[in-house]
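Structure first, then comments.
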Amino acid sequence: HFSISDVFSSRTIAELARAVQQDAVEKFEYIGEFELVLAQDRAKLPDGIVSAYPMSSLQQGMVYHNLASEDNSVFHNVINQSFIGSFDGVIWRQTIVNVMKRHEILRTSFLMQGVSVPLQLVHEDVAPPLQVIDVKNMSAQEQERRLAQAMLELRQSRFDLNKAPLFKSLKQVGAPI
């Protein structure tokens, strides 16, 4: 944070940034993995949780609106991308596993009942949510129909917010490039 006087006393954006960074470094304090969770709630955490913290108000609002939407379209993004080249399922799986290990947000779930405040849980180990559709023996029209069906199913399926991960990965293989 910075004040209006900081803005006027800094002659350049770089000077203001240095002042803000210095202020941020001086105020930084490490918070332990479960430090923001009450002891009574820690006892209720399932096995395999490596960190937990209260859900932000923004997260709670997003969950509320998603659950309140009839068609599951609020804060539920389905992205379709095409790639040219060969596909190796083993490499694809290992890549997703590596990314999930590196980024804990991809291993999270929510615990919203039975605790004093809704929590976001970070799981130590989560199986990657991979699905492969093999369409190599289908006509172009059948392939298009199958992909449209799979995309519709993804859009309509709700995530179980109590189970990690909160994303899915679908790969259609065998279609001509």
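- Across all non-hydrogen atoms, the minimal contact from L166 to T108 is CG-O, 3.5 Å.
- Looking at R145 and Q149, their side chains do bring a donor and an acceptor atom within 3.5 Å of each other.
- Taking every heavy atom of both residues into account, V122 and E104 meet most closely at CG1-CB, 3.6 Å.
- Side-chain contact check for L36 versus L119: every heavy-atom pair is 4.5 Å or farther apart.
- Counted within 6.0 Å of CD on Q113, heavy atoms from surrounding residues, nucleotides or ligands total 12 or fewer; the atom is thus considered open.
- Side-chain contact check for L170 versus L154: some heavy-atom pair is nearer than 4.5 Å.
- Residue-environment remark: CZ (R158) exceeds the threshold of 12 foreign heavy atoms within 6.0 Å.
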Going through the checks in order, is the side chain to side chain donor-acceptor pair (under 3.5 Å) test met by S57 and Q60?
CA-CA 5 Å; S57 297; Q60 291 179 51; 5.2 Å; no

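- Heavy atoms of other residues, nucleotides or ligands lying less than 6.0 angstrom from NZ of K168 number more than 12.
- Cluster annotation: M55 and Y53 are assigned to distinct hydrophobic clusters (Ile/Leu/Val/Met/Phe/Trp/Tyr, side-chain heavy-atom contacts under 4.5 Å, transitive).
- Closest heavy-atom contact between G114 and K44: O-NZ, 2.8 Å.
- Within the 3.5 Å criterion, the main-chain N or O of Q141 finds no donor-acceptor partner in the side chain of E144.
- Other residues, nucleotides and ligands contribute only 12 or fewer heavy atoms inside 6.0 Å of the OH atom of Y64.
- Under a hydrophobic-cluster definition in which Ile, Leu, Val, Met, Phe, Trp and Tyr are linked whenever side-chain heavy atoms come within less than 4.5 Å, directly or via other members, L106 and V126 are assigned to the same cluster.
- Side-chain atoms of L130 and K171, non-hydrogen and from C-beta on, never get closer than 4.5 Å to each other.
- Side-chain atoms of S109 and H123 form a donor-acceptor pair, as typed in the model, at a separation below 3.5 Å.
- For the pair K163 and F110, the cation does not sit on the ring face, since its NZ or CZ is not both under 6.0 Å from the ring centre and inside 45° of the axis.
- In the hydrophobic clustering of ILVMFWY residues, with side-chain heavy atoms under 4.5 Å counting as a link, L152 and V78 come out apart.
- No donor-acceptor distance shorter than 3.5 angstrom exists from the side chain of Q156 to the backbone of E153, with no hydrogens or angles considered.
- Inter-residue side-chain proximity for R42 and L38 is flagged as unmet; no heavy-atom pair is nearer than 4.5 Å.
- When all heavy atoms are compared, the tightest approach of V50 to R107 is CG2-NH1, 4.3 Å.
- What you find for M112 and P118 is that their closest heavy atoms are CG-CB, 4.0 Å.
- The environment of E15 atom CD is dense: over 12 non-hydrogen atoms of other residues, nucleotides or ligands sit within 6.0 angstrom.
- Using a distance-only test at 3.5 Å, with no hydrogens or angles considered, no donor-acceptor pair links the side chain of D41 to the main chain of V115.
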